[in-house]
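Every chain is numbered from 1, with letters handed out A, B, ... down the list of sequences. Basis for what follows: all heavy atoms, side chains included, without hydrogens, waters or symmetry-related copies.
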Amino acid sequence: MRSPWRICLSLYRRLATAYPHEFRMVYGQDLDRMGEDAVPEAWRRYGLAGLVRLLADIAVRLPGEYLAEIRQDLVYALRTLAKAPAFAGIAVFSLAVGIGMCCAVRSEIQSIVGPPPGVRDPAMLATFVWSTASYPYFERYRDQRQAVAAATAVVGPVPFAVALSGDKSARAQRFYGHLVSPEYFTTLGVTPAAGRFFAPETEKPGMAPVVVVSDRFWRAHLGSDPHAVGRRLRLNGSVATIVGIGPKDFQGIWPAYAADLFVPVTCSTNLAPELSGDPLNRPDRAIFRVVFRLSPGVTMRRAEAVLDAVTRNLDRENGVQHDRDRQGRLVRLMPAGTMMYITPEQTAFVNTFNFVLWALVLSLVGANLASLLLARGSQRRREIAVRLSVGASRARLVRQFLTESVLLSFTGGLGGIVLAYGMTHALSAIPVPSTTPFEYNIHPDFHVLTVTLALALVAGIGFGLAPALASVRADIGLTLKEGAQAPLRGYRRFGLRNLFVAGQMAASLMLLVVTWYVAAGFLRTARLDPGFEVANLNLASVDPVRDGYSEEASAALFAELPDELSRIDGVRAAALADSVPFANLYAAQPNTRMSAPTGDGQGTQVLQPVFRARVGAGYFAALGAPPVGGREFDRRDGRTEPLPAILNQTAARALFGSRNPIGRPIREGILDYTVVGVTRDAHSGILMAKPVAAVFLPLQPEGRVTILVRGTGGRNTLAAVRDQLAALHPDLTVFNVHTMRENLDRLNWFIEWDSAIYVVLGLFALLLASIGLGGVTAYAVVRRRKEIGIRMALGARDRQVRALVLREGMALIGAGLVFGLGGAFALEHALATFSDVLARTFDMRTGDPLLGVGAGVSLLLAGLAMLACYLPARRATRIDPVAALREQ
Amino acid sequence: MPIDPAEFLPLHANWFHILLSLVGCEQHGYGIMQEVIERTDGAVRLWPATLYGSLKKLIGAGLIEGSDDRPAPELDDARRRYYKLTGLGRRVLDLECRRLEGMVRMAQEKRKQEAYE
């Protein structure tokens with residue numbers, strides 16, 4: 001058996017060899033020799049304990065030596081970067097902007113499709129796409145235990161006129177909330193911060209009105225009152241007792257439309273007029289959104305099949321027939337655990353578009369950093385050769401390069417985080433044109449920040465490593481002799497660096513084309529002809545039910561109001577609608593599905609997603625867009641069956657093709673309508689090139705209405721309308737009073753803000769590509785310094801030298817543009833396939849504008865890139881031939 | 001700018017022993033280790049990595065330097081490096097000795113006072 005000290009010596013030698021190269025260069029031999037003396041001596045003097053102590057000493061000091069070298073590297077890297085402030089500044093700036101943008105984009109995605117705060121296991125939540133359900137249907141869905149662990153029915157967001165005390169004289173403010181089935185909180189997995197939530201046992205029709213308030217409401221409006229539970233509020237004129245306070249951050253199932261009040265659906269219709277008409281017992285009142293918590297192990301598809309079968313049975317039992325979609329389904333499920341109610345089509349848009357932006361910006365920044373580091377690595381070859389020749393190890397030099405790259409990435413990453421905070425804050429501050437309060441709170445997501453920062457570090461390390469490896473493999477002798485002009489092993493004319501620059505040009509072009517489309521799409525929406533007369537159109541809103549009107553009184557008011565207002569001097573026409581036309585973010589989103597017989601004689605129905613609006617008599621006349629076929633609603637409509645409907649031209653085409661739709665039936669759920677008129681397409685919504693199919697149904701006497709008043713020019717019609725309303729209906733609150741022009745301006749402001757973001761993104765791409773190209777061209781000039789010197793000594797003129805340098809840059813620009821245009825074309829098609837919204841955006845063009853846009857953007861990019869090449873080319877003409885030749 | 005020797009005080013015990021070993025003669029690492037053991041009757045032992053780590057730092061701080069003076073060829077081991085004190089190292093050691101003497105003096109006075117009481 002070997003003596004313990006011999007084993008110890010062997011281990012000692014291994015550990016000593018593991019010490020850093022530079023330490024070993026100086027002390028390696030001494031350390032080895034010392035071991036030979038010290039190990040037997042330690043064994044003799046102290047026995048096994050001595051050997052252990054000796055080994056522990058050399059092992060413990062090992063990481064310390066490496067740390068000391070890393071510290072040295074860091075100081076050296078800081079000094080080196082300080083000597084090249086332009087390089088360091090550009091690298092850090094582009095990284096910071098890139099990371100900041102990527103982070104903001106990813107955080108924006110999270111704020112739309114991310115999980116709602118405070119909800120347990122949101123991935124298990126599902127809801128129906130487009131469709132709402134009636135309460136009896138919901139009750140049967142809820143009991144499908146093989147697929148559904150829990151379910152809740154929600155109506156909302158609904159407005160409440162809230163007085164903070166039960167006192168009748170207290171002034172009311174408008175807040176939004178949800179009308180919920182008693183299972184709401186248990187389905188979402190939310191527990192109260194104080195008091196209790198609802199339960200089927202406690203919430204029954206006829207019981208005293210109760211309300212749960214959000215933590216935000218409790219803090220902001222109840223002064224964080226510790227005794228708030230039990231306090232009474234006046235909601236829409238009825239007194240309700242606070243029974244519970246929601247947990248911190250919880251704002252309901254879709255927090256983008258934040259809910260501050262939660263009222264059980266079992267409450268009286270006085271408290272919630274939306275529940276008029278006995279919806280809890282009527283299978284034809286499909287007003288509830290149903291949120292399911294799927295049973296563990298049940299997939300969305302499986303649950304969909306179960307719920308589809310249940311719907312068929314329910315339809316049979318109730319003697320009704322819902323229409324099926326193209327796949328033959330009655331219901332379709334989608335994830336519900338998101339920040340807003342967002343359909344799979346919208347999710348596809350958000351995900352694909354933002355992902356593409358994210359990937360392009362990141363690759364652009366990566367390519368820029370790579371070409372900068374590669375160019376810089378080449379410029380430092382002489383320094384590397386000197387260090388190698390005086391004994392520095394190659395590993396140490398590689399580490400030195402890595403330290404510099406990591407330092408750059410880290411600084412850029414930190415800058416990016418700061419920028420991401422600023423950008424998300426700015427994005428959150430954009431007021432969204434929407435009739436219901438819409439909270440678009442983007443916070444930099446910690447997970448996103450970590451991933452982006454890690455990616456930046458990986459990119460820094462990756463791109464830092466390549467030039468380091470290339471440089472340390474170079475022939476030292478040749479490099480020392482010829483400096484930066486010596487060829488690199490494996491370096492070709494179109495090597496890695498040129499590939500990065502061409503790739504960068506291509507990515508910039510793709511980013512530019514895509515952002516151009518979106519920005520142009522936004523701006524074109526702003527300039528679109530809305531399809532009606534904007535001038536002298538005034539808007540005001542009223543909500544009589546919440547001012548204490550009964551359903552009948554409200555219906556009577558809606559019937560009288562247009563005539564009352566038309567009698568005002570200076571008013572040409574007045575009409576009512578359930579929403580503001582055109583200037584609404586959601587006016588272009590389909591919100592229901594309509595079907596019509598296909599006309600094949602077999603009774604099959606064609607089901608189309610459509611935007612549904614409810615409008616009163618004389619609406620189109622007041623709008624200044626009379627129907628192109630048939631008639632518009634008059635005062636008799638809405639009272640007798642069958643109910644009338646008006647289609648826009650797009651809806652008529654989608655539902656009936658070339659057939660005349662007038663007099664034909666259409667159906668929404670189980671309600672039948674007859675088409676009485678067709679109107680012109682009014683462009684509406686953002687990014688919508690093509691008008692969306694729209695169906696107009698008669699106004700119902702519930703909830704708020706917008707009054708459209710067409711005045712004559714030069715008169716203050718709005719003031720007269722206000723006075724008239726105050727005189728005739730003193731108890732009616734008039735709100736959101738403004739002109740249509742103001743409304744459009746608000747929308748345009750939103751559009752312009754959004755466009756500006758894309759313009760900045762595009763400019764950033766341009767800037768990065770130019771910097772990258774300029775850097776590489778400058779490097780090429782340094783590399784060919786001697787050659788240029790010889791040419792100039794032989795009589796080459798400035799023009800010829802400039803052409804020599806520019807030729808190489810132009811080759812790169814050309815290659816980048818070709819790849820970029822091809823990529824942009826492919827990307828446009830890919831995006832259009834993925835997202836319906838983007839398909840419509842790209843469809844805005846007339847003819848084939850990719851060529852036009854591509855040519856324009858390419859020219860701009862090429863121009864800037866040429867300028868970036870020209871500057872180093874001009875510098876090349878100033879090379880002193882004698883000095884350049886002497887450098888050998 | 002000349003470095004103030006006082007900046008190094010109080011001196012790390014290992015540094016003190018190494019500097020002390022180099023007073024009056026050049027030494028190689030193993031020699032320093034042996035001298036420290038002998039001088040302290042084995043109470044202080046500088047293990048190899050600790051010793052060379054300290055030597056590296058002492059050179060970096062300018063308190064010692066490598067020496068080209070080699071002993072007689074029959075005593076010389078070509079693989080060993082010799083070290084000697086620099087002027088700064090000598091001043092630092094002097095200051096440290098004085099500081100330690102002062103402390104010892106203080107301790108002794110305290111003891112005397114204790115015995116008196």
Side-chain angles (χ1 to χ4, degrees), chain A residues 5 8-73 75-76 391, chain B residues 12-15 17-19 21-22 25-71 73-84 86 89:
Chain A
W5 74 263
C8 174
L9 185 60
S10 157
L11 286 172
Y12 177 92
R13 281 186 184 138
R14 277 168 201 267
L15 285 166
T17 342
Y19 268 62
H21 178 79
E22 283 185 15
F23 185 90
R24 282 202 60 79
M25 284 269 291
V26 185
Y27 306 102
Q29 277 194 339
D30 270 13
L31 201 62
D32 294 345
R33 183 81 180 82
M34 172 85 109
E36 287 162 20
D37 295 330
V39 171
E41 193 212 327
W43 172 243
R44 259 196 330 273
R45 276 190 191 228
Y46 310 105
L48 199 58
L51 296 184
V52 171
R53 181 76 180 77
L54 190 139
L55 283 179
D57 173 68
I58 193 163
V60 165
R61 301 246 158 214
L62 183 60
E65 284 305 324
Y66 275 103
L67 277 177
E69 283 204 358
I70 288 170
R71 199 175 136 260
Q72 220 177 334
D73 285 350
V75 173
Y76 186 81
Chain B
H12 190 281
N14 289 348
W15 286 26
H17 284 294
I18 294 169
L19 293 184
S21 305
L22 295 178
C25 63
E26 287 92 10
Q27 284 270 32
H28 52 68
Y30 187 63
I32 297 171
M33 187 174 100
Q34 289 300 327
E35 199 197 309
V36 172
I37 292 174
E38 279 167 27
R39 198 172 56 231
T40 60
D41 286 335
V44 177
R45 186 184 174 98
L46 297 174
W47 298 96
T50 304
L51 175 68
Y52 282 104
S54 303
L55 287 175
K56 187 181 148 197
K57 284 180 187 159
L58 283 167
I59 291 175
L63 303 189
I64 63 170
E65 61 190 358
S67 169
D68 295 331
D69 296 339
R70 314 289 303 186
E74 63 276 15
L75 298 172
D76 189 18
D77 182 339
R79 286 189 299 172
R80 296 193 196 277
R81 268 163 60 98
Y82 283 76
Y83 304 95
K84 64 178 181 189
T86 60

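Evaluation of the salt bridge (Lys or Arg N to Asp or Glu O under 4.0 Å) test over residues 25-38 of chain B, restricted to residues two or more places apart or in two chains, returns Glu35(B)-Arg39(B).
Lys56(B) is linked by a salt bridge (Lys or Arg N to Asp or Glu O under 4.0 Å) to Glu65(A), counting only residues two or more places apart in sequence or in another chain.
Across all non-hydrogen atoms, the minimal contact from Leu31(A) to Tyr52(B) is CD1-CD1, 3.4 Å.
Heavy-atom distances place both the backbone and the side chain of Val26(A) under 4.5 Å from chain B.
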Practice prompt. Take Ile37(B) and Arg45(A) through the side-chain contact (heavy atoms from CB on, under 4.5 Å) test and state the conclusion after the steps.
Written response: CA-CA 11 Å; Ile37(B) 292 174; Arg45(A) 276 190 191 228; 3.1 Å; yes
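Using a 4.5 Å cut-off between non-hydrogen atoms, the part of residues 41-48 of chain B that approaches chain A consists of Gly42(B), Arg45(B), Trp47(B), Pro48(B).
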Under 3.5 Å, which donor-acceptor pairs link side chains of residues 46-59 of chain A to any protein atom two or more places apart or in another chain?
unit_1	atom_1	unit_2	atom_2	d
Asp57(A)	OD1	Thr50(B)	OG1	2.2
Asp57(A)	OD2	Ala49(B)	N	2.9
Asp57(A)	OD2	Thr50(B)	N	3.2

